[in-house]
Protein chains: 4
Amino acid sequence: MAPIVSDEYKEKKKRHILESALKAFGEKGFQLATIDDIVAESGLSKGAIYNYFKSKEEIYLQLMQMRTEQNIAKLKRSFLERGTAKEKLHQFFKNYAEIELSQKWQKMIGVHLEFWIHSGRDEELKKVMTDRYDDVYQVLLVEIIEEGIRQNEFNKETDPSLISSMVWGTIDGICLHYSVIGRNYPYQEQIRALEEMIFMYLEKGGSA
Amino acid sequence: MAPIVSDEYKEKKKRHILESALKAFGEKGFQLATIDDIVAESGLSKGAIYNYFKSKEEIYLQLMQMRTEQNIAKLKRSFLERGTAKEKLHQFFKNYAEIELSQKWQKMIGVHLEFWIHSGRDEELKKVMTDRYDDVYQVLLVEIIEEGIRQNEFNKETDPSLISSMVWGTIDGICLHYSVIGRNYPYQEQIRALEEMIFMYLEKGGSA
Amino acid sequence: MAPIVSDEYKEKKKRHILESALKAFGEKGFQLATIDDIVAESGLSKGAIYNYFKSKEEIYLQLMQMRTEQNIAKLKRSFLERGTAKEKLHQFFKNYAEIELSQKWQKMIGVHLEFWIHSGRDEELKKVMTDRYDDVYQVLLVEIIEEGIRQNEFNKETDPSLISSMVWGTIDGICLHYSVIGRNYPYQEQIRALEEMIFMYLEKGGSA
Amino acid sequence: MAPIVSDEYKEKKKRHILESALKAFGEKGFQLATIDDIVAESGLSKGAIYNYFKSKEEIYLQLMQMRTEQNIAKLKRSFLERGTAKEKLHQFFKNYAEIELSQKWQKMIGVHLEFWIHSGRDEELKKVMTDRYDDVYQVLLVEIIEEGIRQNEFNKETDPSLISSMVWGTIDGICLHYSVIGRNYPYQEQIRALEEMIFMYLEKGGSA
DNA sequence: AATGAATGAGGGTTCATTCAT
DNA sequence: GATGAATGAACCCTCATTCAT
C-alpha cells in the first residue's frame, strides 16, 4: 500500500524541525535549549519531533551535518566558474564578505562554534570533525593555492597547507568575535584586510 | 570579634575552588559539569563551596574573571622591559608561541571560548566582555602599533585598530582550532606565520 | 450492504494479532511490550490492530481468554475417551508431562503467570479468574476424584477439593519454576513424581 | 570531620524506602507503581530516594535481596534447635503454615512472584536467582532429607533433590494461588496436606 | 479497512541549591 | 565555617491512542 506521506513530506518536516532547533539553540545554546523550546518554535508536538529524531543530541548532530553540507555546497558552487587561482581566492573572500550580517546569522555562528567545542570533548565526534576539516575545508584552499603556485601567480616558497590553515583559523576567529560582539564588530573590514594580507603574503612571499 | 579565618585563607580557598572548577568545566563543559564534579575535584564539601560562591554561575564568572586578570597581568608584565614597538610586538607573539601545549591548556581554551559564546547570549555579560575587549585587549596592541607608527617603525597608512582586531581574531581562531584538533594542529607554526604576516603588513603597508 | 470481509476473515486476523501479542508479551512482559512490538511481530499496522481491539489491555484480556479456552478444550478432549477415574487422572498428568518444553512454551507460561498476578490486583478481573478456577479447573479434577471414590478406586476419606487444589497449585508451581529456570529444571520428573505422590495419597488415604 | 548522619540512620532510611516501595509495588505491580507512589508512601522527596538508590530497578533488586535474606535467615533460625530430620521438616512446614495471612502478605507474594518472572527475562538476573535457588533453597531441604535417609527416618530410595524441588514448587504454587484468590483460598489446609503427602512419600517410599 | 504521523500526559532521573546539625 | 542529606522544579523521552487520508 502506498505510504501515507511522501518522503518529500518527511524530508520537509525534518528540515522544519532542524530549522526550529537552530533557532532554539541559537537563543540559548544547545544545553539550555529544551525540547519544549523546539516544540514551541516548530509548532509541532513533542512526540512528532521524536518521530523524526531519536534524541536531542541527534537533532544537534543532524543540524550541524546539514548546515555543513549546505556550506560546502555553496563554497564549491562559487568556484564552478573557471578562472585563475587569484580569481578563485578572491571569490572565496568575497563570499565571506558578502554574508548578510543578520542577528540570525550571528546566532548561528554561536551554535556552530559551540558545536565545534563540544566535539572536541568527544573522541568519536572529534574524529569526524577533524577529518572533515582536513578533507574538505583544508583541501579546498590548498588546491587553489597549489594551482596558483603552478601558474606562477603565487610565490613558490609559500606553504599552501599553512596558509590555508591560517585563513580558516582567522575566519573562524573573526566569526567568533562577530558572534559575541555583533553589530559593532567590523566584520567586513576584517575579511577585506585578511584578503589583502593573504594576497600580499602569497605574492611577495611569506616564509621566504 | 576577630574573624575566625584570615582573608588570606579565604582567598586561597576560593582560588582552590576556582581551579577545581576549571578542571571540571574543561572536562565536560560548563553546563555538563556538576557541582558534584567540583566537589570531587576539590575535595571540599558542597556546603563549603556554597560558602564561597553563591551559585554555579558565579563560580563560572569569577573563574573567567580571575583568568582574564592573570592573562592581562602576564601580557603587561612582558612589556615592562622597555624596547621598540617592534620588539614589544615580537615579544607579544613570542608569548603566544611559547605557551606550553599541554592537554590541560587545550581544555582551558575550550572553557574560555565556551564562555565567550555564552556571554554573547546575555546582554549584561556581553557588555562586560566587549568593554573589556575594547579597553584592555584592543588597547594593548593599538598602543604598540601607534607607537610604532610614531617612531616610523610601521607604515603610516595602517589602521591600528583594524590590525589589532585582526591579530586577536586570528589568535582566537588558532586557539579554537587547536582546542578541537589538539596535538596534530600546527599551533606554533601558525603563530609564527601570523607574526610574519602581520609584520609584513605593518612594514610594507596594508590598505595602501 | 454486505460486509466487505467475512467474519471468518476477521476472526483469523484477530487470532493472528493475539498470537503476535503473545510473542511480544512473552519476550518482555505485558507492561514492557509495546504496541509497536506487536506491530513488528504481526506485520500489521497500528491502525489495523486498533480496528480489532480497543486497547492494549483488551488484547491482553482476549489473549488470555483465548488461551484459557484452548487449554480447557484440550483438557476436556483428552477425557472424552471413556475410562476409569484412575485412567482419566493418569491421562491428565500425561498431558502435562508430554508438553513440549520449547522456549516458546516457557515464555508463554511467564505471560500466563504474570496475568494471574495482574488479575489479583483488579477486583473485577479477580472475580472472573477465581470463578473460572472454581467452575472449570477445580470441577474438572474434583469430578474425577469423586468418581474414583464412588467406584472405590480412591480412598473414601480424601477431600476431593483439597486434592484438586493441591494438584493445580503444584502444577502451577512447577510451571513457575520451569518458566524461570528453563532447560535445567526437571519438569517432567516433577510431573511424574507429583502423579506418583497424588496416587499414593489417593489410594492409601490422606487425611485419614 | 564526623559524618553528619550515622550509617545506622542511613540504613534505617534505606529500609524505610524499601518498605514503602514494597507497599507501592504490592498495590500496582513494579511497572505500574511510580516513583511518585513511593514518594507518597514514604513521605520523602523524590531526590531523597535517589540519594539512596540509583534507579527504580535498583530499589526493586535490593528490596527482593533484602526480603530473600530475611526469609533465609528466618528459615535457618528455625532449625538451630537440634532435632531429628523429621522434626526439622515438620518445623519447616509449620513455619509456612503459621504465616499470618494478612492482605499485606498476600500482596508481597505478588511482588515476589512478579520478580521471579521478571528475572526469567533477564539472563544476568536469572543466573543470580537460579544460583540462589540451587545453593540456598534446594540445599536447605536436601540436607534435611539426606540426614533423614542416613538416620533411617526416610526411605532410602527417595531422591532428595526431586523431593526438595517438589516441595518448593508446591509451596510457590500454593502461594501463587493464595496471592490471587486471597481469603477464600484454603492456604493452611494446603500446606498441611502437602506436609502429610510429603511425609507419606518419604516414609513409605516414592519412586520405589 | 488500513495506514502511520501526530498527540501529549506521564514517567524516571538529574542536579543546583538549601539548611539542620 | 563545614557538612552532606534533602528538596523539587525541570528535563528528556516513551508510548497508548487517535484520526485525517
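All values below come from the heavy atoms of this structure, side chains included, with hydrogens, waters and symmetry mates left out. The chains referred to below are lettered A, B, ... by the order of the sequence lines, with proteins before strands, and numbering in each begins at 1.
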With sequence neighbours left out, write down each residue that passes salt bridge (charged side-chain N to carboxylate O under 4.0 Å, His left out) with D:Lys46, or none if nothing qualifies. D:Asp36
Identify, with sequence neighbours excluded, every residue that meets ring pair (Phe, Tyr, Trp, His ring centres under 6.0 Å) alongside B:Tyr60. B:Phe25, B:Phe30, B:Phe115, B:His118
With the threshold set at under 4.0 Å for non-hydrogen atoms, list the residues of residues 50-60 of chain A touching DNA chain F in residue-number order. A:Tyr50, A:Ser55, A:Lys56
Going by side chain to side chain contact (heavy atoms under 4.5 Å, CB included), name the residues that satisfy it together with A:Lys28, two or more places apart in sequence or in a different chain. A:Leu32, A:Ala33, A:Asp37
Residue set satisfying salt bridge (charged side-chain N to carboxylate O under 4.0 Å, His left out) with A:Lys127, at least two apart, ordered chain then number -> A:Asp131
base_contact_polar (F:dT7 base, D:Lys46 side chain, donor-acceptor, <3.5 Å): no
Just jot down the side chain to side chain contact (heavy atoms under 4.5 Å, CB included) partners of C:Ser45, sequence neighbours excluded, or say none. C:Ala48
Do side-chain atoms of A:His16 reach the backbone of A:Ser42 as a donor and acceptor pair under 3.5 angstrom? yes
With A:Glu19 via side chain to side chain donor-acceptor pair (under 3.5 Å) - residues at least two apart: none
Contacts of A:Arg121 meeting salt bridge (charged side-chain N to carboxylate O under 4.0 Å, His left out) (sequence neighbours excluded), chain-then-number -> B:Glu114
Side chain to side chain contact (heavy atoms under 4.5 Å, CB included) partners for D:Gln62, two or more places apart: D:Lys14, D:Leu18, D:Phe53, D:Glu58
note: C:Leu32, atom CG; E:dG11, atom P; distance rounded to Å ~ 15 Å
Could you state the atom-to-atom distance from NZ of B:Lys12 to C1' of F:dG1 in whole Å? 16 Å
Partners meeting salt bridge (charged side-chain N to carboxylate O under 4.0 Å, His left out) with A:Glu27 (sequence neighbours left out): A:Lys107
Close approaches to DNA chain F from residues 34-42 of chain C, in residue order (heavy atom, under 4.0 Å): C:Thr34, C:Ile35
Rounded to the nearest Å, what distance is computed from the CD atom of residue D:Gln31 to the P atom of nucleotide F:dA16? 12 Å
Check whether D:Gln106 reaches the backbone of D:Ser179 with its side chain - one donor and one acceptor, N or O, closer than 3.5 Å. yes
Mapping D:Gly47 and C:Gly47 to their closest nucleotides on DNA chain F, which lands nearer the 5' end? D:Gly47
Please work out the stems of DNA chain E from pairs that are Watson-Crick or G-U wobble with both distances under 3.5 Å, keeping only runs of three or more consecutive pairs. E:2-21 with F:2-21
Quick check on E:dG4: is either OP1 or OP2 less than 4.0 Å from any side-chain nitrogen or oxygen of A:Lys10? no
It should be established whether A:Lys13 places a side-chain nitrogen or oxygen under 4.0 Å from OP1 or OP2 of nucleotide E:dA6. yes
By nearest heavy atom, map C:Gly43 and A:Ala48 onto DNA chain E; which one lands nearer the 5' end? C:Gly43
Position toward the 5' end of DNA chain E (nearest nucleotide), D:Phe30 or C:Ile49: C:Ile49
Counting just side-chain N and O atoms, does D:Tyr9 come under 4.0 Å of either OP1 or OP2 of F:dG4? no
